[in-house]
2 protein chains.
Amino acid sequence: MWGLELLGMDGWRREMAGTRRHGAGRGRPTLEEVAARAGVGRGTVSRVINGSPRVSDRTRTAVEQAVAELGYVPNRVARALAANRADAVALVIPEPETRLFAEPYFSDIIRGVGAGLADTDLQLLLTLIRTPKERQRLAEYLSAHRVDGVLLVSVHADDPLPDLLERIEMPAVLSGRRSAHESVPYVDSDNTGGAQSAVEHLIGRGRERVATITGPLDMYVAQCRLEGYGAAVRAAGREVEEELVVSADFTEEGGRRAMWQLLSQRPDLDGVFAASDVMAAGARQVLRENGRGVPDDVALVGFEDSAVARHMDPPLTSVRQATEEMGRAMVRVLLEEIGGRSDHTAKRPQLVLPTQLVRRESS
Amino acid sequence: MWGLELLGMDGWRREMAGTRRHGAGRGRPTLEEVAARAGVGRGTVSRVINGSPRVSDRTRTAVEQAVAELGYVPNRVARALAANRADAVALVIPEPETRLFAEPYFSDIIRGVGAGLADTDLQLLLTLIRTPKERQRLAEYLSAHRVDGVLLVSVHADDPLPDLLERIEMPAVLSGRRSAHESVPYVDSDNTGGAQSAVEHLIGRGRERVATITGPLDMYVAQCRLEGYGAAVRAAGREVEEELVVSADFTEEGGRRAMWQLLSQRPDLDGVFAASDVMAAGARQVLRENGRGVPDDVALVGFEDSAVARHMDPPLTSVRQATEEMGRAMVRVLLEEIGGRSDHTAKRPQLVLPTQLVRRESS
DNA sequence: ATCACAGCTGGGAGCGCTCCCACCGTACCT
DNA sequence: AGGTACGGTGGGAGCGCTCCCAGCTGTGAT
């Protein structure tokens with residue numbers, strides 16, 4: 001079934017048949033040559049390269065010198081084939097998301113992942129998923145175990161990938177849970193706590209009628225932030241009023257619409273917690289259009305602390321996530337998964353990173 | 001929707017339950033098995049897989065069927081080893097830059113590159129460079145020809161990497177030139193033209209004293225944007241006044257400082273072209289602090305058309321670069337380089353993509 | 001019928017590594 | 001002395017593919 005598709009991909013290569021012969025790679029020293037130079041066997045060099053302890057110091061020094069003299073760099077491809085590993089992990093990003101979260105989120109995650117991988121000699125393979133067909137291709141690719149582990153960013157609840165990965169026993173880590181009882185290892189930030197602290201802050205500043213603009217409630221992250229809102233409201237001895245809760249879709253336009261609705265339902269609101277900075281930006285516009293000053297008439301708080309927050313007027317108070325740290329943590333967890341896969345009974349590592357409220361002039 | 005397809009993969013999985021020897025991947029069908037099943041030789045299957053024309057239709061069909069039945073997916077690693085290619089290209093990003101450009105630039109490039117690579121079966125390898133040591137490691141890695149080509153984002157004039165790549169005949173493409181006579185293939189956007197159109201726009205709106213905040217002038221991109229400014233000024237029959245030109249470093253704080261300086265040198269200026277949105281944001285703050293209205297007192301234009309531009313108050317007129325298209329173009333050029341490396345006399349492809357002025361309320 | 005020459009095909013010989021097993025020597029026992 | 005043990009070591013046997021060449025078929029020209 002896929003066969004035909006696979007053939008298609010090779011099109012470009014046909015043209016270049018034979019073209020590439022100019023010794024790419026050939027001519028570089030091999031293990032064997034290093035061995036010859038050091039006057040030892042192939043196996044010994046391999047042991048030295050891989051830091052095996054079962055090598056005498058004398059031999060090790062000799063080999064190391066030969067390596068240095070020849071400028072030997074191991075051929076990852078050969079190594080991967082022989083050892084049947086890939087020496088690579090994939091970072092999978094569903095393309096539509098990059099537009100949504102955009103901003104620093106992705107680059108921060110990537111940066112964190114890069115940092116985490118830096119002293120690993122694992123390669124980072126980036127995979128953008130645009131279409132179901134590409135997802136299918138990725139699934140094949142992963143099933144063929146061409147990577148040692150997978151990092152999944154912002155998976156939707158109905159994404160089949162995590163389960164597929166679990167079935168084929170491919171180590172994987174999610175950024176963000178799909179639901180309250182996520183079975184796959186993940187790293188998430190404390191959405192509930194962050195939201196709660198934001199709303200507590202609003203209430204602490206004397207706001208009486210604090211509304212919230214939520215994300216799409218079929219996303220767990222949106223549920224959590226709403227829950228945090230509720231927790232803060234109740235902690236202040238108030239009740240969650242339906243009219244003060246409107247959900248949107250994490251976009252600017254959604255934020256605008258939600259703000260209009262809030263304003264018409266409860267013109268007397270004096271505080272808004274938006275579950276994302278971009279929605280806050282939309283809300284801010286609508287507030288301005290309606291002559292409501294921020295923060296004088298309405299105090300506004302966002303979530304994510306992206307560049308947008310800093311550049312808004314007035315600059316937006318927002319909940320900062322340790323995004324880069326998330327990337328780094330994901331790598332840590334993945335490495336554990338890859339390494340310690342022996343005992344299947346072990347609890348899957350699941351991490352929740354703290355958030356931090358960044359106060360600015362909007363509240 | 002994907003569900004059904006993915007289930008298909010269950011087949012092979014189930015068979016090898018318990019079969020799994022050490023490590024993953026073993027147990028998948030190999031070329032040899034496909035050959036056996038199709039009743040042909042290894043070579044023939046290889047030819048079919050790679051779309052060679054020297055196969056009879058009957059044989060081809062038989063092989064394709066066997067491939068489908070077995071769910072065969074070629075092992076890239078083995079293929080790479082045997083053919084001495086890597087089936088991968090590296091995207092190299094100097095880490096500090098991701099902070100500077102931040103915003104959509106980076107993710108747009110990645111998205112474009114991803115799109116360009118989508119129907120190739122090349123892998124995208126992401127490499128963040130943080131330290132000189134890591135650069136060194138990358139250099140080794142590339143010298144060992146473990147990728148088929150390299151995409152370099154925002155190289156500095158003094159970066160040794162492009163020359164290294166040229167020496168080892170590794171196909172490479174830059175995003176942005178290092179200087180006016182760049183020898184390596186590149187894809188750049190029309191910085192000069194973009195800047196010129198921005199300034200022409202300002203002048204066209206009746207602004208008499210248009211200033212500019214430039215980037216660091218040791219960067220070619222900054223030079224170009226300044227040149228575009230000059231061209232527009234002169235085209236309007238005016239002269240470039242030194243007092244109207246201040247250079248900064250592409251950061252917000254730099255933009256602030258530059259704006260202060262401009263305001264003190266020429267309090268009567270009525271237009272500002274900032275060579276980046278972020279600097280424009282800084283300038284905008286200073287203008288506000290000095291009681292200058294935008295656009296009434298001072299019209300402001302940025303460059304890049306990032307998220308910041310849209311979220312400023314008033315929204316910033318800015319020069320949009322086709323960033324995603326740049327990524328895509330880089331891949332196209334790289335593929336050409338990889339494929340047609342035979343004739344070394346051929347002109348190196350160098351592309352300049354047009355920009356577009358996006359008008360908003362700041363001007 | 002014979003020969004030449006295509007068009008196809010099978011399979012040997014690697015690619016550069018890891019794995020693993022047999023083997024060496026030395027040290028330490030009985 | 002012979003036995004045991006064990007840290008070190010060499011090198012065969014692959015990993016799954018591509019490359020290439022020899023060989024095999026069928027066709028058309030002689």
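Residue numbering restarts at 1 for every chain, and letters A, B, ... go by the order of the sequence lines. Hydrogens, waters and symmetry mates play no part in the numbers below; they use all other heavy atoms, side chains included. These numbers come from a predicted model, not from an experiment.
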Round to a whole Å and report the spacing from [atom1] of [X] to [atom2] of [N].
{"X": "B:Arg85", "N": "C:dG16", "atom1": "CZ", "atom2": "P", "answer": "15 Å"}
{"X": "B:Leu31", "N": "D:dC15", "atom1": "CG", "atom2": "P", "answer": "13 Å"}
{"X": "A:Leu81", "N": "C:dC17", "atom1": "CG", "atom2": "C1'", "answer": "8 Å"}
{"X": "A:Arg76", "N": "D:dC15", "atom1": "CZ", "atom2": "C1'", "answer": "18 Å"}
{"X": "B:Asn84", "N": "D:dC19", "atom1": "CG", "atom2": "P", "answer": "10 Å"}
{"X": "A:Arg28", "N": "C:dG16", "atom1": "CZ", "atom2": "P", "answer": "12 Å"}
{"X": "B:Arg54", "N": "D:dG26", "atom1": "CZ", "atom2": "C1'", "answer": "16 Å"}
{"X": "B:Asn75", "N": "D:dC15", "atom1": "CG", "atom2": "P", "answer": "12 Å"}

Taking the side chain of [X] as its heavy atoms from C-beta onward, which of [options] lies nearest to it?
{"X": "A:Arg47", "options": "D:dT18, C:dC20, C:dT9", "answer": "C:dC20"}
{"X": "B:Ala82", "options": "C:dG12, C:dG14, C:dC17", "answer": "C:dG14"}
{"X": "B:Thr59", "options": "D:dG8, D:dC19, C:dT9", "answer": "C:dT9"}
{"X": "A:Ala83", "options": "C:dT18, D:dC17, C:dT9", "answer": "C:dT18"}
{"X": "A:Thr30", "options": "D:dA13, C:dG16, D:dT18", "answer": "C:dG16"}
{"X": "B:Val55", "options": "C:dT9, D:dT18, C:dG16", "answer": "C:dT9"}

Looking at [N], I'd like to know if its phosphate oxygens (OP1 or OP2) sit under 4.0 Å from a side-chain N or O belonging to [X].
{"X": "B:Ser56", "N": "C:dT9", "value": "yes"}
{"X": "A:Arg79", "N": "C:dT18", "value": "yes"}
{"X": "B:Asn50", "N": "D:dT18", "value": "yes"}

Please compare B:Thr44 and A:Ser46 by the position of their nearest nucleotide in DNA chain C and report the one closer to 5'. B:Thr44
Between B:Ala78 and B:Arg42, just flag the one whose closest nucleotide in DNA chain C comes earlier from the 5' side. B:Arg42
What does B:Val40 touch in the nucleic acid at a heavy-atom separation under 4.0 angstrom: a base, only the sugar-phosphate, or nothing? sugar-phosphate
Report the residue (B:Gly43 or B:Val77) whose heavy-atom-nearest nucleotide on DNA chain D is the more 5′ of the two. B:Val77
Heavy-atom donor-acceptor pair, [X] side chain to [Y] backbone, under 3.5 Å:
{"X": "B:Gln350", "Y": "B:Val184", "value": "yes"}
{"X": "B:Arg137", "Y": "A:Ala118", "value": "yes"}
{"X": "B:Asp159", "Y": "B:Leu161", "value": "yes"}

Side chains of B:Val89 and B:Thr120: does their closest heavy-atom pair fall under 4.5 Å? no
Whether the side chain of A:Arg58 and the base of D:dG8 hold a donor-acceptor pair under 3.5 Å is what I'd like checked. no
Less than 4.0 Å between a side-chain N and a carboxylate O, is that true for B:Asp121 and B:Arg79? yes
Whether B:Glu33 and B:Arg28 form a salt bridge (side-chain N of Lys/Arg under 4.0 Å from carboxylate O of Asp/Glu) is what I want to check. no
